[in-house]
**Q** 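Mind looking over this structure? Questions follow.
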There are 2 protein chains.
Amino acid sequence: MPKQVDHDSRRQHIAQAVCELIGRHGLEGVTLREVAAQAGVSMGAVQRCFRAKEEMLVFAQEHVNRRVTERARARIAESPRPGSVTTMLEQTLVAMLAVDDEDLLDARVWMAFTAQAALDPALAAVQRAHYAGLTELLAVLLRTGQENGQIRPEVDAESEADALITLADGLTVQVLLGRHSRESALAALHQRTTALRT
Amino acid sequence: MPKQVDHDSRRQHIAQAVCELIGRHGLEGVTLREVAAQAGVSMGAVQRCFRAKEEMLVFAQEHVNRRVTERARARIAESPRPGSVTTMLEQTLVAMLAVDDEDLLDARVWMAFTAQAALDPALAAVQRAHYAGLTELLAVLLRTGQENGQIRPEVDAESEADALITLADGLTVQVLLGRHSRESALAALHQRTTALRT
DNA sequence: AGTGTTCCGATACAAGCGCATCGGAACGAA
DNA sequence: TTCGTTCCGATGCGCTTGTATCGGAACACT
């Protein structure tokens, strides 16, 4: 048997390098040579992992989406007030904002991919799948809260989940443009989620 | 005196070509050659109008921003129910959405420039200036409505204007990704603005 | 140790890019 | 008409891009 490498972990590593490049210089800054340098590997290694540049970009998109979802679940798990559904909702949305200094890069990556997805139906489908998962997560939280009597019963879980996601996206844009501070965005989320309480 | 051309109108014309290219193929699709072809002029003419590509892009950004503002003012002027401040508010936000079929291109252009502005402080400043004008427009409408007794007095005009803009941006993103239809976005705007009524 | 397979680093290459250059067309003033 | 200036279309240049190619290194197995 020949030499073997862990392809999947290498793809993750390269995807991370791609995200850092996008976050700093946008999609235009993603060249195979730069990616290789950022990842600390040679161009040949990158080419072996991904048949073409676009395949690499799609993988990177899914990579950052996965991380957002993970962050959301982590924030729910370590929620400051366990049992409070509105807190869990808020933490999920905070994870989506991804404006926590170190994660601010991810927000720019999200922005770049979303802009591209507005032009490329294939990328749009990837983003929609990601959003579908988040919507479901929020909807479950909302329904749970309604069963517990923590969320006002007249709220429609699905449409409210959509509205919350729309708010998070809008806030992300505003923060990235420097029109909102991180704090004011968080405050807006807090206000919106507490307004759902009974 | 030598041959003279109307530089300003030519710049507008080229900017329009740039917008159409961005709307169809993104910022990556904007090359001097493609711009010249789309505008129906030669590359030399483009180079004469703009010293460099970036200058052209900034001008195009301001071009599309101007058009959004104009559309907003036009929609206010031909408001279906003159005198109704909430209707004017709604029409302004509808203009910002720019998802009216023919304007859907502009929404994609907005998205592309905004993503770029998240990386380039100079572009971010241009966008912030644009938003400042829109915020002021909305705030004036809100204050007028409060003086007329059409808008609930406890609303803070500035922060409410910001919130409305955030909503519009979020909805634009959702529509471009195909997660919201044009109609549901308009409905969301309508609901939000009517909620401000006394 | 030998061998067969997998991997990868370096290089080559065509295409496309932004920009600079320049000779001549276009046009107003004399 | 002639002149002087402005404009522009075509072309060239240096550079970067994504991808293809390939000789040899790296490693598991016999």
Side-chain angles (χ1 to χ4, degrees), chain A residues 1-61 63 112-113 115-116 119-120 122-123, chain B residues 1-61 63 112-113 115-116 119-120 122-123:
Chain A
M1 290 293 281
K3 176 177 175 182
Q4 289 285 17
V5 301
D6 186 350
H7 261 209
D8 201 60
S9 78
R10 185 187 288 275
R11 282 163 74 98
Q12 302 274 348
H13 179 67
I14 291 177
Q16 181 55 32
V18 171
C19 287
E20 281 160 21
L21 285 176
I22 294 178
R24 272 190 282 118
H25 305 110
L27 274 172
E28 297 174 356
V30 179
T31 70
L32 294 192
R33 286 160 182 83
E34 282 291 322
V35 168
Q38 176 74 33
V41 300
S42 79
M43 240 177 76
V46 176
Q47 285 186 277
R48 176 150 295 268
C49 278
F50 302 100
R51 259 174 281 177
K53 186 185 177 182
E54 189 177 315
E55 182 181 321
M56 179 179 74
L57 287 175
V58 171
F59 187 87
Q61 184 184 3
H63 174 78
F113 276 129
Q116 203 66 19
L119 302 164
D120 183 344
L123 296 188
Chain B
M1 289 293 280
K3 175 177 175 182
Q4 289 285 19
V5 301
D6 186 348
H7 261 209
D8 201 59
S9 77
R10 184 187 290 274
R11 282 164 74 98
Q12 302 274 348
H13 178 67
I14 291 177
Q16 182 54 32
V18 170
C19 288
E20 280 160 22
L21 285 176
I22 293 178
R24 273 191 281 117
H25 304 110
L27 275 172
E28 296 175 357
V30 180
T31 70
L32 294 191
R33 288 161 180 82
E34 282 291 321
V35 169
Q38 176 73 33
V41 301
S42 79
M43 240 177 76
V46 176
Q47 286 186 277
R48 176 149 296 269
C49 278
F50 302 101
R51 260 174 280 177
K53 186 186 178 182
E54 189 176 314
E55 182 181 321
M56 180 179 74
L57 287 175
V58 170
F59 187 86
Q61 184 184 3
H63 174 77
F113 276 129
Q116 202 67 18
L119 302 164
D120 183 344
L123 296 188

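Order of the sequence lines sets the chain letters (A, B, ...), proteins ahead of strands, with each chain counted from 1.
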**Q** For B:Val35, report the nucleic acid contact type (base, sugar-phosphate, nothing); a contact means any heavy atom under 4.0 Å.
**A**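 The residue B:Val35 makes no contact with any strand.
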**Q** Taking atom CD of B:Glu55 as the centre, report whether more than 12 heavy atoms of other residues, nucleotides or ligands fall under 6.0 Å from it.
**A**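 Counting other residues, nucleotides and ligands, CD of B:Glu55 exceeds 12 neighbours.
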**Q** What is the distance, rounded to the nearest whole Å, between atom CD of A:Glu28 and atom C1' of C:dC17?
**A**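 It works out to 12 Å between those atoms.
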**Q** Just the rounded figure in Å: distance from P of D:dA25 to CZ of A:Arg48.
**A**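 Going from A:Arg48 (CZ) to D:dA25 (P), I get 17 Å.
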**Q** In whole Å, I'd like the distance from the CZ atom of B:Arg11 to the P atom of D:dC7.
**A**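 Taking atom P of D:dC7 as the reference, CZ of B:Arg11 is at 13 Å.
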**Q** Starting at CD of A:Glu34 and ending at P of D:dG18, how long is that distance when rounded to a whole Å?
**A**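 Rounded to whole Å, this separation is 10 Å.
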**Q** Under 4.5 Å between any side-chain heavy atoms of B:Val18 and B:His63, yes or no?
**A**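 Counting from C-beta outward, B:Val18 and B:His63 never come under 4.5 Å.
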**Q** What is the distance, rounded to the nearest whole Å, between atom CD of A:Gln47 and atom P of D:dC22?
**A**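 Atom CD in A:Gln47 sits about 14 Å away from atom P in D:dC22.
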**Q** For A:Leu32 and C:dT11, give me the distance from atom CG to atom P, rounded to whole Å.
**A**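 Distance check: A:Leu32 CG to C:dT11 P gives 17 Å.
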**Q** Look only at the side chain of A:Arg33 and the backbone of A:Met43, and say whether a donor-acceptor pair between them is shorter than 3.5 Å.
**A**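 Not confirmed, A:Arg33 side chain does not pair with A:Met43 backbone.
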**Q** Using heavy atoms to find the nearest nucleotide of DNA chain D for A:Val30 and B:His7 separately, return the residue whose nucleotide is more 5′.
**A**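 On the 5' side of the pair lies B:His7.
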**Q** How many Å lie between CE on A:Met43 and P on D:dA20, as a whole number?
**A**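 Taking atom P of D:dA20 as the reference, CE of A:Met43 is at 11 Å.
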**Q** How long is the line joining CZ of B:Arg33 and P of C:dG16, in whole Å?
**A**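 The distance from CZ of B:Arg33 to P of C:dG16 comes to 10 Å, rounded to the nearest Å.
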**Q** C:dC8, OP1 or OP2 - any side-chain N/O from A:Arg10 closer than 4.0 Å?
**A**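 Affirmative; the distance criterion is met.
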**Q** Measure the shortest side-chain to side-chain distance between B:Val30 and B:Glu34 over non-hydrogen atoms and say whether it is less than 4.5 angstrom.
**A**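 Answer no - side chains too far apart.
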